[in-house]
Structure formats: structure tokens, C-alpha cells
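In this text the structure is predicted, and so the values were computed from the model without any measurement.
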Amino acid sequence: MAAAPAGLCFLSRNPTTTSLEFSVLKPNVVSLRAFSLRPFSSLLSRKYYPSLGSCKCSSTAPLSTTTYEFSDCSSEVELRLHIGGLDIRSTRDISVDTNDTSLAVKVFRQGSPITLIETNPLFGKIKPAETIWYIDDDQLVVNFKKQDPDLKWPDIMESWESLTAGSTQLLKGASIYLVGDSTEINQKVAQELATGLGYTPLTTKELLETYSKQTVDSWVLAEGYDSVAEAESTVFESISSHVRAVVATLGGQQGAARRADKWRHLYAGFTVWLSQTEAIDEDSAREETHKNVIDGKIAYTNADVVVKLQGWDPAYAKSVSQACLSALKQLILSDKKLPDKKSLYIRLGCRGDWPNIKPPGWDPSTEGDVI
């Protein structure tokens, strides 16, 4: 039976505001909610159901147009906020609030707060008790101690730009496979991820149609769903040794990923299930996915990360892609050996023994020791 999911995040749309809001599901999932015009999506990653906390990544009025400089110095990161022109007379006019995943810096002028920066999540976790800050000429300098000194921060906050830049060190070249019932959604998100990461975009639909010189739909009509699924499974095998690729798989009944016995070569990369849902909030989406995993009837529950989509619009492919990278980042940080384990799995021939990889020479008909 598949392990219980690690957490859930929900992406919704609200026409009355344009602020970004994040919910953090500890220990290893971050959720994103963006507000615009229509209901949208939720995100889920695997292993446990932790408690949920939330705070804003938005600015409260009045908002300063303060710019900042950021640097990563191994075990520490430093933020320099330009405060020239704010006429700060005392450090008592400044508030710097932190916890392990968030930062809020405000200046009080005549009793009214001006938010210089407010973000959750930070790109990584900090040690809030060791945060120091001071004024240096026209800059407010905030110095943080990182909980994980090995994690390189591209920026102070988690964003599409910092995630795409920072994912290289985490994925270590491991490919990403997008599975789910919609071929279109898989392809749109795969293209966005590949562009952001600098990976090669691959779609099994195009590969199959090039090989067969016919559309997948006509193939299904001529030979049935099982024939197409078997062919796609062969494609999985042929590309399983590829690195730095984002692979969009077939959705629906013809998709090999819909069949639990066709996942052997998908385990070579990180799999993301793009799952459409009728759930209206995080709690119901969490309950739905937990039930899916417990039932074990849907092969997609084998995925490393699940993104719940409440509706779909191609215009928001980047928002879904950001949520995918955020969850993958937290998943890998919870077990930094995962990318290397994927690589080992490939080198040993993707023998179907994931996640309990057996020694070289292992015979599937016998028991073996876990590496």
C-alpha cells in the first residue's frame, strides 16, 4: 500500500485582491494560493499528514517601494533593504519579525506601519533566535542563520525564479514525469517546467505519433487502449535513462501511468500527479487524496507529488508548475538521498524494486537486502 501523503496546498482565485498567500504544511510541503479571477488548484506531496499553518506573502498598505539586495554566505544569508528617504529616527521605529519560514519587516511612521517586506515562505528555513539586524547608512541589514547550510538560496523568498534557479542543486539532473488523466494539462505544465529549469521537454504522445505515423486517437480506434498503453510503457523504458527531461505522459484510459503494473520505469524520475478535483478547499482535497491513497485503486497514487486542480486554464500553467517545484523541493529536502537513489535505480536497470532497491544480481523471485 502507498504511503500517506505529506501534505496539501490549495491554489484558488479571488477577484477582489491580487496578493499572494502561502500555507505551510510542515515538515515538507509548501502550498501556494494566488488570487485573481477564477477558482483553481491545490497541491499535495507525499509521506505524512502534518499540521497546517499559514501566513501572507503580501504587503499591507501603506506599502514602501523599498528595494533590496540579497546574498548567501554559506551558513548565513543577508538581506539589505534600502530605507533612504524614510527618515527613520530610531531603531524603535523598526519591527523585524521572523519564524523559521517567514519574515516581516515594518517601519512605523506616526503610528502607521509601512511594510518593507513580508514573505512566507522564505526560500529555506532559518534559525529565528539567531537573527540580527542593524542600520548601515541608508540600508537596513538583516542577517539570518540557515538551518541547512548546504542549501544555496538564490533569493530571500520562494518564487518561480528562485525555485527554477534552486532546483538544479536539488534534482541533480533527475527527470520529472507528469502523470494524470489529462494529456493537455500534462503537456502544458511539462513545457512550462522544462522552460524554467532548462530541461528537455518530452511528450509521449508526440513520440508515439511520430513512431506510428498516426494519431493516438486513431490508434485507439484501430487497436484499443491496451495497445497504446503497452507502447507508451516501452517509451518509458527507452527514456528512463535520460536526465534533465520533463516528460508529459498520456492521460486517460490509454495512458500507461493509469496502470499500476506499468510504473517500473517511471520510478526513474520524480513523478507528479496532476489531479483534477471537485474539492473546494484544502481540507476536502486532503481528505479526498488520503482516501485515494488508502484505497490504492488509482495507479497515480504511486506519484511522489500530487497537484490537485480545481478547474483548468492553460494561462495558469506557470502557477501549477511553481507549486510542483515547491513541493518537490520540500520532498527532497526531507530526504536528500532521493535524487541519488533515483540515479542508482537507473544504473541497476530499473528492475521494479523501488523504493527498496536490492543489491546487484538481485533476483525478483527471491528476497534481497535493502541498499
Side-chain angles (χ1 to χ4, degrees), residues 8-23 29-45 54 56-59 119-121 154-155 157-167 176-206 216 245-252 255 257 270-282 284-285 288-289 300 303 305-329:
L8 178 97
C9 54
F10 190 81
L11 177 62
S12 63
R13 301 279 173 179
N14 186 314
T16 62
T17 177
T18 57
S19 66
L20 282 174
E21 195 168 292
F22 289 85
S23 298
V29 178
V30 177
S31 70
L32 166 65
R33 288 190 290 171
F35 295 89
S36 182
L37 296 178
R38 54 174 66 99
F40 201 46
S41 103
S42 41
L43 165 113
L44 165 93
S45 174
S54 66
K56 286 187 176 180
C57 179
S58 61
S59 297
T119 181
N120 186 353
D155 196 3
M157 65 184 68
E158 185 179 276
S159 64
W160 171 247
E161 290 75 17
S162 64
L163 283 169
T164 51
S167 291
I176 299 172
Y177 293 84
L178 300 180
V179 301
D181 278 328
S182 172
T183 302
E184 177 199 355
I185 294 176
N186 295 344
Q187 290 178 332
K188 293 292 186 182
V189 177
Q191 182 62 56
E192 202 69 57
L193 280 171
T195 300
L197 293 171
Y199 274 28
T200 301
L202 297 174
T203 69
T204 57
K205 182 176 185 288
E206 291 181 1
V216 167
V246 183
V247 183
T249 67
L250 286 175
F270 287 98
T271 48
V272 180
W273 176 16
L274 302 178
S275 173
Q276 293 178 288
T277 180
E278 297 297 326
I280 60 174
D281 55 30
E282 292 176 62
S284 55
E288 176 186 76
T289 306
Y300 299 137
V305 169
V306 183
V307 180
K308 288 283 185 184
L309 305 177
Q310 189 189 69
W312 167 248
D313 186 322
Y316 299 117
K318 182 175 285 188
S319 296
V320 180
S321 300
Q322 179 175 338
C324 293
L325 288 181
S326 181
L328 284 171
K329 183 191 78 170

When you measure from the side chain of Ser167 to the backbone of Thr164, do you find a donor-acceptor pair of N or O atoms at a distance under 3.5 Å? no
On a heavy-atom basis, which atom in Val272 and which in Cys324 lie closest, and how many Å separate them? CG1-SG, 3.7 Å
With sequence neighbours excluded, residues passing side-chain contact (heavy atoms from CB on, under 4.5 Å) with Glu206: Thr203
Given side chain to side chain donor-acceptor pair (under 3.5 Å), test Thr183 with Asn186 step by step and report yes or no. CA-CA 5 Å; Thr183 302; Asn186 295 344; 5.4 Å; no
Spacing of CD belonging to Glu278 relative to CD belonging to Glu288, to within rounding of 0.5 Å: 8.5 Å
dist Ser321:OG -> Lys188:NZ (nearest 0.5 Å) comes out at 12.0 Å
Asp155 side chain near Glu161 side chain, heavy-atom distance below 4.5 Å: no
Cut-off 3.5 Å, side chains only: do Ser326 and Gln322 have a donor facing an acceptor? no
Is there a donor-acceptor pair under 3.5 Å between the side chain of Ser162 and the backbone N or O of Met157? yes
Validate the cation-pi geometry between Lys308 and Trp273: distance from NZ or CZ to the six-membered ring centre under 6.0 Å, angle to the ring axis within 45°. yes
Would Gln276 and Ser182 count as having a side-chain donor-acceptor pair, cut-off 3.5 Å? no
Val306 and Tyr300: CA distance, side-chain angles, deciding distance, side chain to side chain contact (heavy atoms under 4.5 Å, CB included) verdict: CA-CA 9 Å; Val306 183; Tyr300 299 137; over 6 Å; no
Taking every heavy atom of Ser284 against every heavy atom of Ala279, the minimum-distance pair comes out as OG-CB, 3.4 Å
To the nearest 0.5 Å, what is the distance between CG on Leu250 and CD on Gln187? 8.0 Å
With side chain to side chain contact (heavy atoms under 4.5 Å, CB included) as the criterion, how do Leu274 and Asp181 come out once you've worked through the C-alpha distance, each side chain's angles and the decisive distance to 0.1 Å? CA-CA 8 Å; Leu274 302 178; Asp181 278 328; over 6 Å; no
Should Val246 and Leu202 be marked as a side chain to side chain contact (heavy atoms under 4.5 Å, CB included) after you check the CA-CA gap, both sets of side-chain angles, and the distance that decides it? CA-CA 6 Å; Val246 183; Leu202 297 174; over 6 Å; no
Rounded at 0.5 Å granularity, tell me how far CG in Leu309 sits from OG1 in Thr277. 9.0 Å
Check whether any side-chain N or O of Asp313 sits under 3.5 Å from a backbone N or O of Tyr316 as a donor-acceptor pair, and report yes or no. no
Give me the atom names and distance for the closest heavy-atom approach of Ala327 to Val305. CB-CG1, 3.7 Å
Rounded to the nearest 0.5 Å, the OH atom of Tyr177 sits from the OG1 atom of Thr271 at a distance of 10.0 Å
Find the distance between CG (Leu193) and CG (Leu178) and round it off to the nearest 0.5 Å. 6.0 Å
Would you sort out whether Trp160 and Leu325 count as a side chain to side chain contact (heavy atoms under 4.5 Å, CB included), showing the intermediate values? CA-CA 8 Å; Trp160 171 247; Leu325 288 181; 3.8 Å; yes
